[in-house]
Amino acid sequence: MRPIAAALFLLPCAWAYAQTWTPLPDFPGTARDDAASFAIGTDIYVGTGMETGWGLTTDWWRYRDATGEWEQVNRLPAVPRQYAAGFSVGGTGYLFGGYDGTDFLNELWAYDPDMDVWLPRAPLPAPGRRACAAFAFGAYGYIATGLLPGDAPTDECWRYDPATDTWQAMAPVPGPPRQRAAAFVATLPVVAGGSATDDTAYADGHAYDPGTDTWSPIAPLPAPRFWHRAAAGHLVGGSSSYATEHADTWRHDPVADQWTAVAPFAGGARRGGVAQWADHGEGGVLYHGLGFGNGQRHKDWWMLRTPVGVSETDAPRLRLRPNPAADLLHVDGAGHSGEVPYQVLDMLGRRVRWGTLGAERTIALTGLAPGPFVLVLGGGAAPLRVPFIKE
């Protein structure tokens, strides 16, 4: 996160999208679907999956958002797999579960990008599973839904704590048990879509509040989807049946709670691909590629730029005062005069206060314990996150 004194922060007041996806250098591994991925900073890591010829893989690759180049990193030191789930917490990547061709796995592996090493972590204290949705929020990682041994979909949600290397069962995802759902984090984590064992596709979505361990329904997808991929409020591709892939790209606005169609994926109809987001502050880049479509596996890699508002040159400077603050936090330079949604998160990512900034542009801090917090301003795929201290 950029220091407050040195950064220009933008309040999202309108969404403007690039009209086309831009092709990038191909993924250098073999063409594959059902790979896993996670992002550490703006670097994106992609590995495992089923390659052309039906082989399962252990190789991993890093895409440098800053340079547009791929490089190979250490292989996963375990059995090859597909349908594994990835997330990252605190600069470490995690790979959970999957299917090795025989068994449903409950393993958890941690990847240290500085040492370029994979280390085993505590396995899930429950049956193995594949095709889970995964996300990270605050200091924790989560895996939700998926397919259990015997091809039984599940609604379970589990939280992993890297600090203690332990798992905890959380509130289940509402609606029917499902597999091949997608998860993303905008303001709060969301799990959307998925399918039954017979590939009946679902359109419902649910937002998760880690502070209260509760789920709330959001607007359904414009059409039922499973095997789709998601990042930072965007859903790409997926299937409506086993034999029908799609190229749709949709964005969810958590403030208006509505889905908007954006540029369809230029690589064509696709399922089981990879989607990740690189946050550039005033906007970001949505990456998508690999997967299965048109009867073949792919290794292409594309980007879609998604600016979130006015240019940085024209944006007002955002300043929190005082900082540290005792009872009242003033937000200067918060853009237009209308109401702006905000949340206050503690260092575990728990939502401890929320509402809208009115004309007075102040937030009451009474009742909060002293310590560091993060003010989250606005909605959309990349809300502004500004640190402050409560005295």
Side-chain angles (χ1 to χ4, degrees), residues 33-37 49-50 82-85 97-99 104 129-135 142-148 150-157 172-184 186 189-208 215-253 257-265 267-275 286 288-298:
D33 60 352
D34 301 323
S37 67
M50 176 174 281
Q82 66 176 143
Y83 295 122
Y99 180 64
F104 291 66
R129 57 203 65 197
R130 69 185 194 185
C132 300
F135 58 89
Y142 297 79
I143 59 103
T145 66
L147 197 66
L148 301 176
D151 290 338
T154 181
D155 59 2
E156 294 175 3
C157 178
V173 179
R178 67 194 69 204
Q179 61 166 331
R180 296 173 180 158
F184 62 83
V190 168
V191 173
S195 73
T197 307
D198 64 0
D199 293 332
T200 298
Y202 302 130
D204 59 328
H206 303 272
Y208 180 66
W215 296 87
S216 301
I218 65 168
L221 302 177
R225 289 289 186 271
F226 67 103
W227 240 336
H228 48 317
R229 293 296 182 257
H234 298 76
L235 294 184
V236 187
S239 295
S240 54
S241 70
Y242 185 84
T244 307
E245 296 95 29
H246 299 272
D248 303 304
T249 303
W250 299 319
R251 179 189 65 83
H252 182 252
D253 182 341
D257 188 22
Q258 65 183 19
W259 293 92
T260 303
V262 296
F265 177 56
R270 197 72 57 90
R271 74 185 190 211
V274 167
L286 176 64
H288 185 257
L290 289 73
F292 182 90
N294 195 29
Q296 62 180 327
R297 292 180 172 87
H298 298 274

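Residue numbers start at 1 and run along the sequence shown. The model shown is predicted, which means the values in this text are computed figures rather than measured ones.
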Taking every non-hydrogen atom, the tightest pair across [X] and [Y]:
X: Gly193; Y: Ala181; value: O-CB, 3.4 Å
X: Ala230; Y: Ala183; value: CB-O, 3.6 Å
X: Tyr142; Y: Cys157; value: CD2-SG, 4.2 Å
X: Ala192; Y: Leu235; value: CB-CD1, 4.4 Å
X: Ala182; Y: Ala133; value: C-CB, 4.2 Å
X: Ala144; Y: Val173; value: CB-CG2, 4.0 Å

Could you tell me if the side chain of [Y] sits less than 4.5 Å from the side chain of [X], heavy atoms only?
X: His288; Y: Arg270; value: yes
X: Pro176; Y: Tyr202; value: yes
X: Arg229; Y: Leu290; value: no
X: Leu286; Y: Val262; value: no
X: Thr244; Y: Ser239; value: no
X: Thr260; Y: His252; value: no
X: Phe104; Y: Leu148; value: no
X: Val191; Y: His206; value: no

Just verifying a value: how many Å separate [X] [atom1] and [Y] [atom2], rounded to the nearest 0.5 Å?
X: Ile218; Y: Asp204; atom1: CD1; atom2: CG; result: 9.0 Å
X: Gln179; Y: Thr197; atom1: CD; atom2: OG1; result: 6.0 Å
X: Asp253; Y: Gln258; atom1: CG; atom2: CD; result: 6.0 Å
X: Arg178; Y: Thr154; atom1: CZ; atom2: OG1; result: 11.0 Å

Notebook entry, point to check: Quick one: side chain to side chain donor-acceptor pair (under 3.5 Å) partners of Ser37, sequence neighbours excluded?
Noted result: Gln276
Next item on the list: Using the ring of Phe226 (Phe, Tyr or Trp, six-membered ring only), decide whether Arg271 places NZ or CZ under 6.0 Å from its centre and within 45 degrees of its axis.
Entry: no
Next item on the list: Take Tyr83 and Met50, measure what side chain to side chain contact (heavy atoms under 4.5 Å, CB included) needs, and give me the verdict at the end.
Entry: CA-CA 9 Å; Tyr83 295 122; Met50 176 174 281; over 6 Å; no
Item checked: Side-chain donor/acceptor of Arg129 to backbone N/O of Thr145, under 3.5 Å -> no
Next item on the list: For residues 215-228, pull every pair meeting side chain to side chain donor-acceptor pair (under 3.5 Å), keeping only residues two or more places apart or in separate chains.
Entry: Asp34-Trp227, Arg225-His246, Arg225-Asp248
Check: Taking the inter-plane angle between the rings of Phe184 and Trp259 on a 0 to 90° scale, is it parallel (under 30°), tilted (30 to 60°) or perpendicular (over 60°)?
Finding: perpendicular
